[in-house]
Amino acid sequence: MLTRSEVKWHSTRRSCWVIINNTVYDITDFVDSHPGGSGILLKYAGRDATEAFEPLHRADTLEKYLKPDQNLGPVSIEESDIQNKNASSKVKATTIRSNSVKLSSIISISDFEHAASQNLPLKSFAFLKTGAEDEYAVNWNRNSWKAIQLRPRVLRPIDRIEMSRTIMGNKLSAPFFICPAGGAKVANPGGDICLTKAAGKHGILHWVCNNAGFDVEEMANARAPEQTTYWQIYAMTDLAVTEKEVKHAISLGYKGFALTVDAIWSGKRERDVRAGMSETETDEDDEEDDDNFSKEPSVTRPSVYSHFDWATAVKWLQGLTDLPIAIKGIQCWEDAALCMHYGVHPWLSNHGGRQLDGAPSAADTIVSIRKHCPEVFDNCEVIVDGGITRGSDIVKAIALGAQAVGLGRGFLYSLVFGERGTSKAIRILKHEIETTMALLGVSSLDQLNPSYVDASSLDSAFSRAHL
């Protein structure tokens, strides 16, 4: 049995050991091929990496990427370790109690963000909150929906509001859904499982994240009877791995898919980088850090296949399944038109502003589609996400032609309260949609059309926001 003192001697690129869940792993041969860059591994070289590893990885990750002989066995638990762990737990508990926000005080989706900022450790919140570079895209995602005005019609009797929606062939209780967003376990150990259970309880769609903290089978087992879930696809460098994963998802009853295409390169997420800077880093590290920074993103993600074009990507997808397929990451009307051409659904998204700062919001793109190729709305189901914080934002998107509207961060933030938090977030959004529709003078979603919104100030608002 190895001691922690022995592990500390293996803290370089030439000999890199880490401790995860009291087991020692020799990751020397894996350092340079780590999808998230070598920096994060070297940061924990010779140390316990459990706290950093668990929120972002599935239980089978080590078995998947490491050979059996790289498992060096258990590490001995020393008295000093127990004392340090207990002291750390007490400090953490005190911090959470002093800053914690109660679920009973939450009345909006933005309140969940505030709660997460208070209830989560700085590094965890930064991981969820971060956008690319100066975060203009993140902020514009939200502000662009606010720049679109509603145009109410009055003296229209409203008896009841009908907000059920068919999304890619399956009827759900609402037009919004839980986006595939990584990091759910950062907010709560139950993570993605809590999201699925809350979605099932309220009859909305959970589009399960490919990088969920639980595997595809665990997520499927968390579903309620007759619950609809869809699966997100990242095409791995080894396409055979992804093909196997998709076929397994189909066998488990997932009813729709989305290929994410805007993440062949990880964005520069500076908030996350700053929060993750370790006190162990010294000025002597600067030269090496400067050399490595640009090629070592702050987010860990398996290497993705970057050689697809439109024809080969769609042919590959349609060769795997005849279930509905969306292309996630559409940011201009020209690519939306290509989705229509190839018979797939355009998902308007800039990855939550986490990839390319200055990218257009989904609001920008849907207005552009309506102007340049409105026939897309007749031939495809247009999906949007990014910056949605209110039921009124959802109504605006539906009026402009969206079939479904996704929320990522809002639901991740809600997880600081577990499944109960996500359930409350769903109830809040449903109530806001009902209120908005009633005050607009419509009683069902199919009555909404562009005449109920005014997006003419969108361009000038964008200019003001970036001055």
Is there a side chain to side chain donor-acceptor pair (under 3.5 Å) between T389 and K146? Walk through the geometry before answering. CA-CA 10 Å; T389 60; K146 309 309 176 191; 3.1 Å; yes
Measure the [atom1]-[atom2] distance between [X] and [Y] for me, rounded to the nearest 0.5 Å.
X    : Y    : atom1 : atom2 : answer
K201 : Q227 : NZ    : CD    : 12.5 Å
D378 : M340 : CG    : CE    : 9.0 Å
I398 : I433 : CD1   : CD1   : 8.0 Å
T436 : I161 : OG1   : CD1   : 9.5 Å
C339 : I325 : SG    : CD1   : 11.0 Å
I193 : N221 : CD1   : CG    : 8.0 Å

Just by modelled atom types, is the [Y] backbone N or O under 3.5 Å from a matching donor or acceptor in the [X] side chain?
X    : Y    : value
D385 : S349 : no
D357 : A137 : yes
K424 : I106 : yes
Q331 : G329 : yes
S368 : D364 : no
T242 : M236 : yes
Q403 : F377 : no
R409 : L128 : yes
Q355 : W265 : yes
W207 : W231 : yes

I'd like to know if [X] and [Y] make a salt bridge, using a cut-off of under 4.0 Å between side-chain N and carboxylate O.
X    : Y    : value
K129 : E113 : yes
E51  : K123 : no
E434 : K430 : no

Cation over ring, R354 on F127, under 6.0 Å and within 45°?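 So R354 does make the cation-pi contact.
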Report yes or no: is the cationic atom of K67 (NZ for Lys, CZ for Arg) under 6.0 Å from the centre of the six-membered ring of F30, at an angle within 45° of the ring normal?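 Ring-cation test returns no.
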Does the pair Q70 and D29 meet the rule for a side chain to side chain donor-acceptor pair (under 3.5 Å), with working shown? CA-CA 9 Å; Q70 291 176 278; D29 294 338; 5.0 Å; no
Going by the ring pair (Phe, Tyr, Trp, His ring centres under 6.0 Å) test, name the single residue among Y342, Y234, W316 that passes it with F308.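 Between F308 and the candidates, ring pair (Phe, Tyr, Trp, His ring centres under 6.0 Å) is satisfied uniquely by W316.
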Could you please spell out the steps behind the side-chain contact (heavy atoms from CB on, under 4.5 Å) verdict for K197 and C194? CA-CA 5 Å; K197 288 184 175 180; C194 293; 5.9 Å; no
Note, [X] side chain near [Y] side chain (heavy atom, < 4.5 Å):
X    : Y    : value
R420 : L103 : yes
I250 : F257 : yes
W17  : I27  : no
I327 : L317 : yes
S423 : H202 : yes

Hey, would you say the W347 and F177 ring centroids sit under 6.0 Å apart?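 Yes - the distance between ring centres of W347 and F177 falls below the 6.0 Å cut-off.
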Candidate pair M168 and Y230, rule side-chain contact (heavy atoms from CB on, under 4.5 Å), full reasoning: CA-CA 10 Å; M168 287 177 28; Y230 293 169; 3.8 Å; yes
From R223, H248, Q232, residue fulfilling side chain to side chain contact (heavy atoms under 4.5 Å, CB included) relative to Y254: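 Checked R223, H248, Q232 against Y254; only one passes side chain to side chain contact (heavy atoms under 4.5 Å, CB included): R223.
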Mark yes when over 12 heavy atoms from residues, nucleotides or ligands other than H431 sit less than 6.0 Å from its NE2; otherwise mark no.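 Result for NE2/H431: open.
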Quick check: are there more than 12 heavy atoms from other residues, nucleotides or ligands sitting under 6.0 Å from CD of E375?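 Above 12, so yes.
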Derivation and outcome, side-chain contact (heavy atoms from CB on, under 4.5 Å), residues D262 and L356: CA-CA 9 Å; D262 59 357; L356 179 65; over 6 Å; no
Kindly determine whether F176 and D393 satisfy side-chain contact (heavy atoms from CB on, under 4.5 Å), including the steps that lead there. CA-CA 11 Å; F176 64 89; D393 299 334; over 6 Å; no
